[in-house]
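Let me begin by presenting the structure, written as structure tokens, before commenting on it.
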Amino acid sequence: MDQELNGAMRSVSINSNGLAATPHLNGHSKDEPDNVRRVAAEGALSASASDAASAVSKATNASTAAAAARAIPAAASFASTATEAASLSGLAGASDAEKKKMVHELCQQLLLTDEQVQELCYRILHEIRRGLAKDTHPKANVKCFVTYVQDLPNGDERGKFLALDLGGTNFRVLLIHLQENNDFQMESRIYAIPQHIMIGSGTQLFDHIAECLSNFMAEHNVYAERLPLGFTFSFPLRQLGLTCGLLETWTKGFNCAGVVNEDVVQLLKDAIARRGDVQIDVCAILNDTTGTLMSCAWKNHHCRIGLIVGTGSNACYVERVEEAELFDAQGNRKPHVLINTEWGAFGDNGALDFVRTEFDQDIDSHSINPGKQTFEKMISGMYMGELVRLVLVKMTHAGILFKGQDSEVLNTRGLFFTKYVSEIEADEPGTFTNCRLVFEELGLTNATDGDCANVRYICECVSKRAAHLVSAGIATLINKMDEPHVTVGVDGSVYRFHPKFHNLMVEKITKLIKPGITFDLMLSEDGSGRGAALVAAVACREDIVNSKK
Ligand code: BGC
């Protein structure tokens, strides 16, 4: 849950001219603090005696009983051999140039070579094909779910719609009025989903959603109206139609009991019926990637891919119906259908092991869903800050950063927020203003300019790797579609707020796509909200056409 929003309710009103900024997620992990970690021994960088020394000194410096209690057993276990102690005690005293070299060497494992990225493209394509084909789908990691969305908006969609947006760092209810000339009015309200509901029962979750919806309708004077609703539900959904979807698995820190394998539209309708106070027509359920694609396609008719790089990561794209073997077309002759790849699960079968690091394994083993969402855990905002923190802890305990002096905050899981990565990388070259502000929040008081430069480099390696992984996925989709020009609609806090993510992606995708194809990346204006209204509107448009036949 986004810390800035946790426990708070915010009201946002935007229109087509003014885009309300999404508050930055912090990538806060749900894990328990684990202040002194064992770090695998690896040559000169292994954490052993120096960890012991710094852990003890931390206990003294922090002068808290808790820190001391954690430090002493760690000290005993890390001080394994005299040789290690000798080699590591020298690191804190190494020159700036030597430290920089060590940082760069350790970060080597985070950099993807051109060959590795190319290999990733092959493997992603292979997994996408397995997801699309009937025979291999049950065992595929990248499920490529059929969305049942076959029509992109044509700009003629009009009317008043409700939308629900569940799946990021917060839950929103929206009232959207689509108007002429690609104009729209939108009012929305963010509601917190308390942690106990995120991991409580499905009934509690949907009752909470229905209650927020009812309150929202009352506040916006539409309580007595019967309105169509689009439900953006950003989790893997096995769709059986536009208004029927079974949850495959929870991701991103959610784990509500009794929802997996259930139709979430029905669960929503049941919760609304239990209240009995409002009248809603649920016209469509969709993923946030679908919403993003639709929202961009409303203005840009080349849009064929929707991408999210936020709390989670995923992409959807326009596929030919012949390729989508699981699509039950029921006499429908339209040539295309949107596919929700759910690429976050790529690598769950080991396909990413050749590029995964000890830090990725650590993230996974401490997550709420070990062994799942491997690709997502290397990319998205829920994990990026934590990845950086793990590298920092390792280097600090080895004496390479901060003269070996760590802090309680640095040692606590989830407290190096993903927004810090963007902030640190936003400093002008040679200046470390944001970086030092971040260090202050982390309680790191001993940093030299050399430390700042090294920390920035670590952030750059982690975020660049994420951008290159996403680029491999997008280039694979662009090459598969094989259209002369493709616009990719993009949303999500990492893409939106990281200062270099966009450029890193443009550069990498350009190198990976077939000669002759061109592309552009378009920031989506609230795909989860406006996109939901558009999917609902397109569905209504179809209903009207069909009823006239
Ligand atoms: C979910 C996807 C979603 C993505 C971005 C992932 O964890 O499985 O359905 O599109 O996050 O929000």
Side-chain angles (χ1 to χ4, degrees), residues 1-2 5-12 22 161-176 186-220 222-223 225-237 239 242-288 290-291 310-312 526-533 535-536:
M1 178 61 68
D2 193 321
L5 292 165
N6 209 356
M9 297 213 292
R10 293 198 189 174
S11 207
V12 187
T22 316
F161 298 87
L162 282 166
L164 297 181
D165 174 17
L166 178 75
T169 46
N170 40 60
F171 162 65
R172 291 184 312 159
V173 185
L174 307 100
L175 180 63
I176 301 137
M186 184 158 104
E187 290 172 81
S188 71
R189 185 160 189 141
I190 294 172
Y191 297 89
I193 301 222
Q195 177 73 13
H196 74 272
I197 291 190
M198 279 175 84
I199 52 171
S201 76
T203 313
Q204 268 176 309
L205 173 70
F206 284 95
D207 281 346
H208 179 69
I209 292 176
E211 184 185 346
C212 296
L213 181 59
S214 156
N215 291 343
F216 179 89
M217 290 179 77
E219 280 161 23
H220 291 81
V222 289
Y223 193 70
E225 287 184 45
R226 184 179 189 114
L227 291 175
L229 179 143
F231 185 10
T232 304
F233 183 80
S234 307
F235 299 96
L237 212 54
Q239 282 191 241
L242 205 50
T243 53
C244 178
L246 314 181
L247 176 66
E248 182 86 350
T249 178
W250 285 112
T251 58
K252 296 178 288 196
F254 276 77
N255 198 7
C256 303
V259 188
V260 170
N261 284 327
E262 296 294 323
D263 174 11
V264 290
V265 173
Q266 196 54 51
L267 296 179
L268 174 66
K269 285 181 180 166
D270 292 347
I272 294 172
R274 273 195 292 280
R275 297 184 59 82
D277 59 345
V278 287
Q279 306 292 313
I280 309 280
D281 289 324
V282 184
C283 291
I285 184 153
L286 60 142
N287 188 257
D288 50 357
T290 304
T311 309
D526 203 325
S528 303
R530 196 178 60 185
V535 176

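Throughout, residue positions are numbered sequentially from 1 according to the sequence presented.
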Check: Roughly how far, to the nearest 0.5 Å, is the CD1 atom of I199 from the SG atom of C256?
Finding: 8.5 Å
Check: Would D281 and K269 pass as an ion pair if we require N to O under 4.0 Å?
Finding: no
Check: Between T232 and D165, is any side-chain donor less than 3.5 angstrom from a side-chain acceptor?
Finding: no
Checklist line | Value rounded to 0.5 Å, distance of CG in L227 from CG in L175 | finding: 7.0 Å
Check: Side chains of Q266 and D270: donor-acceptor distance under 3.5 Å anywhere?
Finding: yes
Margin query: Any heavy-atom pair between the side chains of L174 and L162 that's under 4.5 Å?
Written below: no
Notebook entry, point to check: With a 4.5 Å heavy-atom cut-off, do V535 and L242 have their side chains touching?
Noted result: yes
Checklist line | Worked verdict on E262 versus L247 for side chain to side chain contact (heavy atoms under 4.5 Å, CB included) | finding: CA-CA 6 Å; E262 296 294 323; L247 176 66; over 6 Å; no
Next item on the list: Write down the atom of G529, the atom of A163, and the distance for their closest heavy-atom approach.
Entry: O-CB, 3.9 Å
Margin query: To the nearest 0.5 Å, what is the distance between CG on L213 and CG on L229?
Written below: 6.5 Å
Next item on the list: Tell me, with the steps shown, if T203 and R274 meet side chain to side chain contact (heavy atoms under 4.5 Å, CB included).
Entry: CA-CA 11 Å; T203 313; R274 273 195 292 280; 3.6 Å; yes
Notebook entry, point to check: Mind checking whether H208 and F171 have parallel, tilted or perpendicular rings, split at 30° and 60°?
Noted result: tilted
Note to self: Could you measure the distance from the CD1 atom of I280 to the CG atom of L164? Nearest 0.5 Å is fine.
What the structure shows: 7.5 Å
Note to self: Quick one, Y223 and S214 - any side-chain contact, counting heavy atoms below 4.5 Å?
What the structure shows: yes
Next item on the list: Let me know which of D288, T290, T251 forms a side chain to side chain donor-acceptor pair (under 3.5 Å) with S234.
Entry: D288
Margin query: Could you check whether any side-chain heavy atom of S528 comes within less than 4.5 Å of a side-chain heavy atom of R172, counting everything from C-beta outward?
Written below: yes
Check: Could you go step by step and tell me if N215 and Y191 meet the side-chain hydrogen bond (donor to acceptor under 3.5 Å, both in side chains) rule?
Finding: CA-CA 11 Å; N215 291 343; Y191 297 89; 5.9 Å; no
Next item on the list: Apply side chain to side chain contact (heavy atoms under 4.5 Å, CB included) to the pair Q279 and E225, showing each step before the final yes or no.
Entry: CA-CA 7 Å; Q279 306 292 313; E225 287 184 45; over 6 Å; no
Margin query: Just verifying a value: how many Å separate I193 CD1 and Q204 CD, rounded to the nearest 0.5 Å?
Written below: 11.5 Å
Next item on the list: Quick one: list whatever passes ring pair (Phe, Tyr, Trp, His ring centres under 6.0 Å) with F231, sequence neighbours left out.
Entry: F233
Note to self: Testing the basics here: between I176 and A533, what is the closest heavy-atom pair and its distance to 0.1 Å?
What the structure shows: CD1-CB, 3.7 Å
Margin query: Between K252 (side chain only) and G167 (backbone N and O only), is there a donor and an acceptor less than 3.5 Å apart?
Written below: yes
Notebook entry, point to check: Roughly how far, to the nearest 0.5 Å, is OG of S188 from CG of D526?
Noted result: 7.0 Å
Check: What are the two closest heavy atoms between F206 and V264, and how far apart are they?
Finding: CE2-O, 3.9 Å
Note to self: With heavy-atom distances below 4.5 Å as the criterion, would you say the side chains of T243 and I285 are in contact?
What the structure shows: no
Next item on the list: Starting from the C-alpha separation in whole Å, work towards a yes-or-no answer on side chain to side chain contact (heavy atoms under 4.5 Å, CB included) for C244 and V265.
Entry: CA-CA 6 Å; C244 178; V265 173; 5.7 Å; no
